[in-house]
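Shown next, in structure tokens, is the structure this report addresses.
The structure presented is a predicted model; accordingly, all values stated were derived computationally and were not measured. Note: hydrogens, waters and symmetry copies are ignored here, and every other heavy atom, side chains too, is used.
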There are 2 protein chains.
Amino acid sequence: MEQDSRLGGGSSAEGGSPPAASGARRPGGRTAKVRRAVLDATQEALAASGFHTLNMDRIAASAGVGKTTVYRRWGSPVGLVADLLDDMAEQSLPAADTGGLAGDLRANAALVLGTLTDPRMGPVFRAVIAAAACDEECARALAGFYRTRLAEWAPVGERAVARGELPAGTDPLELLRAVSAPLYYRFAVTHEQPTPADAERAVTAALVAAAAGAFAPGGADAS
Amino acid sequence: MEQDSRLGGGSSAEGGSPPAASGARRPGGRTAKVRRAVLDATQEALAASGFHTLNMDRIAASAGVGKTTVYRRWGSPVGLVADLLDDMAEQSLPAADTGGLAGDLRANAALVLGTLTDPRMGPVFRAVIAAAACDEECARALAGFYRTRLAEWAPVGERAVARGELPAGTDPLELLRAVSAPLYYRFAVTHEQPTPADAERAVTAALVAAAAGAFAPGGADAS
DNA sequence: ATCTTAACGGAACTCACGTCCCTTTAAGGG
DNA sequence: CCCTTAAAGGGACGTGAGTTCCGTTAAGAT
């Protein structure tokens, strides 16, 4: 049940420092290319037909690698998804800075909405959420992915506090979660397609709540 | 691939009117008992080890019925989950009425939080969300479940509007979704355990946003 | 250039999942 | 109470996912 090697991680193309030790690993050309091919095939398969049909044999075939390799390095479908999530977390795109909180949050909501409704990434995220609900390792990978994403956007809230747009002590992560939550709730729980109107409503509600201090400790207690 | 009969539905114990026709179905004692035993075993299995390990043979064994029967009536693990959801939707518990909107919403948030953190129902809901992300029929069943639940609580918002606590035109379902969303987001997406503090924050934010008209058409546009 | 061995790949094998066929039980109607 | 047949049950069977074994390729070091 235990895999025999650590997954590729971030050490694929440009290695920082050479290992130099005798028990040398070989993350060089071939291994990196195999990982890339397999992860691409995995994302393709998730986009096309979801998590429950993810099949190691088919992934191996469509990636053009031996199925033994896929079983050895990833072990199971959830292993594939977990490594895909680690890979996705590395590809960070910078947060917006429109000069105002409302604009920044709208940009964030638009990004989330665009991802969830994208014909390719929507199904991928649905599959990844399913995988995380099935497996603990996958759940950790997904949590790590969102931790990375949210941390990139945290400056949006911090700048707003610095500008005096929001009460001191406002939690910038909580603010971002308040924007994402309604969109993900629709997407993952009730399976309604989130709309631009939903995104706008989420931004408005988050702004009002944040201004009232709902995301700062001891702020805005309900009457 | 197609199942040969409609699932049990609501016609299990007390039938309203006898069928009387010649081409008679038989939803009588045995069939109903088999369904109950299988659905109980399914929920037990989901609570214990999640959706991806749900196995028709084991369900049949632990329900004490033939595995042919389980395959014939439910076809697959997602069929089991879909029918379980239909069954859960029927067991409706009434909404709170504390006399004030804040109290009602707190009761709703407490109910959601209690369900998601319950040692038995938490894993069941996680499994059900995974199943819905894997299968369209299951997704419809889950959407139906929440439609039922939300409709039961809608009077909370309607009464608040009638009392003048909220702007006219406020969508009561949107208000409830705003309370649930942050809790489900944590539960299903980032896999953090939702806390009473999260529930309280969700209620506070929803109240403030609703009072500002964020859930009424044309209300509270962001500055 | 040559050597060592990490990593990949092909193919046979195992066993559990799901299906099929036929028998047995009991629900509903007279 | 008996008859009809819907529905459940038992067991054999085929397929494919996952494992194992061993030969092949090429990364990294000298």
Side-chain angles (χ1 to χ4, degrees), chain A residues 1-9 11-15 17-39 41 45 51-80 83, chain B residues 1-9 11-15 17-39 41 45 51-80 83:
Chain A
M1 273 303 163
E2 202 62 23
Q3 288 144 248
D4 61 356
S5 68
R6 288 293 75 220
L7 297 171
S11 57
S12 48
E14 266 66 52
S17 54
S22 62
R25 296 293 88 134
R26 292 183 185 179
R30 187 166 64 159
T31 298
K33 277 172 73 169
V34 166
R35 180 175 184 238
R36 185 77 272 130
V38 168
L39 293 188
F51 175 65
H52 71 310
T53 61
L54 193 60
N55 176 261
M56 306 290 273
D57 286 37
R58 274 195 294 274
I59 292 298
S62 83
V65 304
K67 81 166 183 167
T68 312
T69 299
V70 179
Y71 277 110
R72 187 165 34 220
R73 285 187 63 182
W74 289 277
S76 67
V78 295
L80 283 173
D83 196 31
Chain B
M1 274 300 164
E2 202 64 24
Q3 289 145 248
D4 61 358
S5 68
R6 288 294 74 221
L7 296 170
S11 56
S12 48
E14 267 65 54
S17 54
S22 64
R25 294 295 87 135
R26 292 185 186 177
R30 188 164 66 160
T31 298
K33 277 172 75 167
V34 165
R35 178 173 185 238
R36 186 90 314 266
V38 168
L39 292 188
F51 175 64
H52 71 309
T53 60
L54 193 60
N55 176 259
M56 306 291 273
D57 286 38
R58 274 194 293 276
I59 292 299
S62 83
V65 303
K67 79 167 183 167
T68 312
T69 299
V70 178
Y71 278 109
R72 186 167 32 218
R73 285 187 62 182
W74 290 277
S76 68
V78 295
L80 283 173
D83 196 31

Between the base of D/dA8 and the side chain of B/R72, is there any donor-acceptor pair under 3.5 Å? yes

Pull out every protein N or O sitting under 3.5 Å from an N or O of nucleotides 23-25 of chain C, one pair per line with the distance.
residue	atom	partner	partner atom	Å
C/dT25	O2	B/R30	NH2	3.0

Side-chain donor or acceptor of A/K67 under 3.5 Å from a matching atom on the base of C/dG9? no

Gap between atoms CZ and C1', on B/R58 and C/dC15 respectively (whole Å): 14 Å

Taking the side chain of B/T31 as heavy atoms from C-beta outward, which of D/dA7, D/dG18, D/dG10 is closest to it? D/dA7

Could you state the atom-to-atom distance from NZ of A/K33 to P of D/dT25 in whole Å? 16 Å

Considering just the side-chain nitrogens and oxygens of A/N55, establish if one lies under 4.0 Å of OP1 or OP2 belonging to D/dA17. yes

Hey, what do you get for OG1 (B/T68) to CE (B/M56), rounding to the nearest 0.5 Å? 10.5 Å

Are the side chains of B/L54 and B/F51 in contact, using a 4.5 Å heavy-atom criterion? yes

Relative to the 5' end of DNA chain D, which residue comes earlier, A/D57 or A/T68, by the nucleotide with the nearest heavy atom? A/D57

What's the spacing between A/R58 CZ and A/T53 OG1 if we round to 0.5 Å? 6.5 Å

For the atom pair OG1 (B/T69) and CD1 (B/I59), what is the distance rounded to the nearest 0.5 Å? 14.0 Å

Nearest 0.5 angstrom please: A/R36 CZ to A/T31 OG1, how far? 14.0 Å

To the nearest Å, how far apart are B/R35 CZ and D/dA7 C1'? 16 Å

Output the distance between atom OG (B/S62) and atom CG (B/D57), rounded to the nearest 0.5 Å. 11.0 Å

OP1 or OP2 of D/dT19 less than 4.0 angstrom from a side-chain nitrogen or oxygen of A/Y71, does that happen here? no

Using whole Å, what does the distance between atom P of nucleotide C/dT19 and atom CZ of B/R73 come to? 17 Å

Are the charged groups of A/D83 and A/R73 less than 4.0 angstrom apart, N to O? no

For atom CH2 of A/W74 and atom C1' of D/dT19, their distance in whole Å: 18 Å

